[in-house]
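Because the structure is a prediction, the values reported are computed rather than measured.
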Amino acid sequence: MNSAIRRSAQRLSSVDWSSPVFKGDHELSALVAGFRAWTAQADTMAEKFAAPPTPIDFASAKKSVRDVALVEGLEKMYNSSSPPALTYEWSKDDQAKKSQLIEDA
């Protein structure tokens, strides 16, 4: 985790979301609630996808379907394929822009 993201997370964790300033305006209150829901969802997704996926149990699938050849074909395709991992690299320029926005806020 780079320093800009770490600083942003530290700032957000120190915000008193129950402060009256966030409750006085209904529009702001709705935006804050939406933001908090989004961050909770992002945390949940990050936790969910932090570990590699569990292996597929083809044996139990073969027991539960009538067309075993279909499952065998899927298993053969699964075992023979090796798609490249998709990664996203956050550009340094974009990181700097977002950090500056956070600093200005």
Side-chain angles (χ1 to χ4, degrees):
M1 184 183 292
N2 70 27
S3 62
I5 294 173
R6 194 174 304 113
R7 281 193 315 267
S8 299
Q10 288 171 347
R11 282 194 191 115
L12 289 174
S13 67
S14 66
V15 172
D16 179 14
W17 294 108
S18 62
S19 172
V21 73
F22 294 117
K23 296 180 179 180
D25 181 16
H26 295 294
E27 185 178 349
L28 178 61
S29 179
L31 289 171
V32 167
F35 176 73
R36 292 180 69 192
W38 176 82
T39 56
Q41 181 183 16
D43 290 342
T44 302
M45 297 295 280
E47 189 175 307
K48 177 181 179 180
F49 293 111
T54 58
I56 299 172
D57 185 10
F58 287 105
S60 68
K62 289 177 187 175
K63 293 176 186 174
S64 64
V65 297
R66 283 184 272 171
D67 191 0
V68 176
L70 176 66
V71 176
E72 289 172 347
L74 290 171
E75 182 178 18
K76 181 180 176 183
M77 181 182 71
Y78 177 78
N79 291 331
S80 66
S81 76
S82 55
L86 296 175
T87 57
Y88 174 77
E89 186 67 32
W90 192 12
S91 72
K92 298 290 182 188
D93 184 45
D94 193 34
Q95 286 181 24
K97 288 179 186 176
K98 300 301 181 196
S99 293
Q100 187 59 46
L101 286 173
I102 291 169
E103 291 290 330
D104 293 344

Item checked: All side chain to side chain contact (heavy atoms under 4.5 Å, CB included) counterparts of D93, not counting sequence neighbours -> S91, K97
Item checked: Spacing of Q41 atom CD and K48 atom NZ [to the nearest 0.5 Å] -> 10.5 Å
Item checked: Shared hydrophobic cluster for W38 and V32 (ILVMFWY, side-chain gaps under 4.5 Å) -> yes
Check: side chain to side chain contact (heavy atoms under 4.5 Å, CB included) with V68: which residues, sequence neighbours excluded?
Finding: K62, E72
Note to self: Tell me every residue that passes side chain to side chain contact (heavy atoms under 4.5 Å, CB included) with S80, counting only those two or more places apart in sequence or in another chain.
What the structure shows: none
Notebook entry, point to check: Partners of D57 by side chain to side chain contact (heavy atoms under 4.5 Å, CB included), sequence neighbours excluded?
Noted result: A59, S60
Margin query: Through direct or indirect side-chain contacts below 4.5 angstrom among Ile, Leu, Val, Met, Phe, Trp and Tyr, which residues connect to F49?
Written below: M45
Margin query: In the structure I gave you, are the side-chain heavy atoms of M77 and L74 within less than 4.5 Å of one another anywhere?
Written below: yes
Check: Of the non-hydrogen atoms in W90 and K98, which two are nearest, and what is the gap between them?
Finding: CZ2-CG, 3.7 Å
Note to self: Suppose the criterion is ring pair (Phe, Tyr, Trp, His ring centres under 6.0 Å): which pairs have a residue in residues 55-75, not counting sequence neighbours?
What the structure shows: F58-Y78
